[in-house]
Amino acid sequence: MDLSLTEEEREIRDWVRTFVTKEIMPLEQGVLERERRHERGMTLEELHALQGKAQESGFFGVQTPEEYGGMGLGSLMAALIEIELGRSFVPFKLGGEADNILFVANDEQKQSYLEPTISGERYSCFAITEPGAGSDARNIRTSAVRDGDDWVINGEKTFITGGDIADFAMVFAVTDPDQHRRGASGESVTCFLVDREMGWTSAEIPTMGQWGPASLSFEDVRVPHSAILGEEGRGFELAMRWIGKGRFMLPARALGACERLVEMGLAHARSRETFGEPIANRQAIQWMIADSAVEIEALRWLVLTAAWQVDAGIDSRQSQSMAKLYGGVQANEVVDRVLQIHGGMGYTRELPIERWYRELRLLRIYEGTDEIQRRTIARNLLAGHASVRGHLG
Ligand SMILES: Cc1cc2nc3c(=O)[nH]c(=O)nc-3n(C[C@H](O)[C@H](O)[C@H](O)COP(=O)(O)OP(=O)(O)OC[C@H]3O[C@@H](n4cnc5c(N)ncnc54)[C@H](O)[C@@H]3O)c2cc1C
């Protein structure tokens with residue numbers, strides 16, 4: 001078993017590491033100052049300019065197939081890149097990506113939705129959650145009723161990331177109420193591509209993080225039959241494919257943050273003296289550092305194993321849930337300890353620790369809460385779909 005990186009993997013990882021250090025980290029102070037004024041840390045124009053710089057070196061569309069101008073890299077490489085990007089809280093992502101389910105679009109839809117999303121001309125949002133249906137996503141109530149060649153959508157979506165800037169939404173609506181009542185969501189829900197101009201409205205939801213998701217309102221929004229993404233009645237499967245696309249990517253980003261946070265903790269522990277000695281000499285501080293380092297290492301292998309399984313075509317659902325659960329819980333432990341090591345300074349807005357503290361909390365909620373991941377993990381074991389011996393058997 002060889003757990004080392006190939007030369008090519010190392011080169012790509014190191015390029016991103018250098019880009020983050022030279023181009024992204026210098027922006028951090030400015031981002032913090034803007035956010036303190038309740039402005040976006042980075043405007044879309046600034047994001048595009050920075051993405052353009054990365055693109056000049058070929059870093060565009062990490063997992064986007066080469067036929068669409070992307071790098072066509074696998075999940076393992078995507079995870080390694082995400083870890084590096086996570087080392088800064090600047091809200092940066094490499095350009096050239098589109099939601100995985102847009103690739104099932106027909107040719108016409110690809111031209112109108114997929115390609116402009118990859119090029120950054122259009123913004124999408126994924127809208128399944130509703131005020132009455134979050135973890136229990138099968139319980140959605142938004143309806144789409146056939147009227148001649150059109151469908152008429154009514155309902156409310158909530159907590160939709162990017163919903164305030166998106167110019168189109170991938171909306172999940174019940175198209176077969178009878179089947180839905182019988183619990184057959186696999187046949188009763190359809191995904192529609194709905195432009196904002198077709199009539200939906202959005203309102204930002206303030207959160208404890210630095211940016212807010214939005215609620216979307218659909219009141220008699222009329223869309224053509226051609227707005228259906230994939231097959232009528234098969235939307236729930238698409239929704240699960242979107243959510244399952246790479247659960248390891250969220251903990252990968254958090255892992256990068258944890259590495260940086262512990263490095264900050266180490267530096268502070270070495271330099272801060274109390275009672276005539278650096279706090280690094282105290283066992284209480286050392287234990288916080290040691291526990292964090294062990295958890296970071298464990299998380300690294302959970303994330304990379306899940307990503308590797310995706311590339312190898314192995315069923316990765318159990319590993320992905322484990323990486324997501326462990327990443328969410330432990331990242332919150334790590335940031336809390338690093339804040340503690342910094343004492344009063346950790347609690348101030350002089351340092352980014354309190355920002356990370358608020359941001360990382362989200363990881364335990366979206367794309368499947370801790371409890372839902374535990375439910376998945378336990379059910380897989382109880383039903384015999386997964387073994388405590390892992391994929392090695
Ligand atoms: C910032 C943010 C961004 C988001 N972005 C999107 C997005 O882009 N698109 C989208 O569609 N959604 C999005 N969401 C929604 C997110 O996926 C849901 O909030 C999440 O799935 C939880 O659903 P809920 O909030 O309705 O909580 P609920 O489902 O009401 O759960 C409440 C509590 O009960 C627990 N619980 C629920 N069921 C069980 C059970 N069976 N066993 C044990 N415990 C249980 C939960 O774990 C949780 O602790 C976002 C949410 C946030 C906060």
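Hydrogens, waters and symmetry mates play no part in the numbers below; they use all other heavy atoms, side chains included. Atoms within each ligand, like the ligands themselves, are counted from 1 in listed order.
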Residues forming a ring pair (Phe, Tyr, Trp, His ring centres under 6.0 Å) with Tyr366, sequence neighbours excluded: none
Ring-plane angle category for Phe19 and Phe92, please: parallel below 30°, perpendicular beyond 60°, tilted otherwise. tilted
Taking the side chain from Thr64 and the backbone from Gly96, do they hold a donor-acceptor pair closer than 3.5 Å? yes
Among Val20, Val16, Leu76, find the one that has a side chain to side chain contact (heavy atoms under 4.5 Å, CB included) with Ile81. Val16
We want to know whether Arg146 and His225 form a side-chain donor-acceptor pair, criterion being a heavy-atom distance below 3.5 angstrom. yes
Mutual orientation of the aromatic rings belonging to Phe103 and Tyr68 [parallel < 30°, tilted 30-60°, perpendicular > 60°]: perpendicular
Sub-3.5 Å pairs, protein N or O with ligand 1 N or O:
residue  : atom   : partner : partner atom : Å
ligand 1 : 5 (N)  : Phe159  : O            : 2.8
ligand 1 : 5 (N)  : Thr161  : OG1          : 2.7
ligand 1 : 8 (O)  : Thr161  : N            : 2.9
ligand 1 : 8 (O)  : Thr161  : OG1          : 3.2
ligand 1 : 9 (N)  : Phe126  : O            : 2.8
ligand 1 : 11 (O) : Ile128  : N            : 3.0
ligand 1 : 11 (O) : Thr129  : N            : 3.0
ligand 1 : 11 (O) : Thr129  : OG1          : 3.1
ligand 1 : 12 (N) : Thr129  : OG1          : 2.7
ligand 1 : 14 (N) : Phe159  : O            : 3.2
ligand 1 : 23 (O) : Ser135  : N            : 3.2
ligand 1 : 29 (O) : Ser135  : N            : 3.0
ligand 1 : 29 (O) : Ser135  : OG           : 2.7
ligand 1 : 47 (O) : Thr369  : OG1          : 2.6
ligand 1 : 47 (O) : Glu371  : OE1          : 2.6
ligand 1 : 49 (O) : Glu371  : OE1          : 3.4

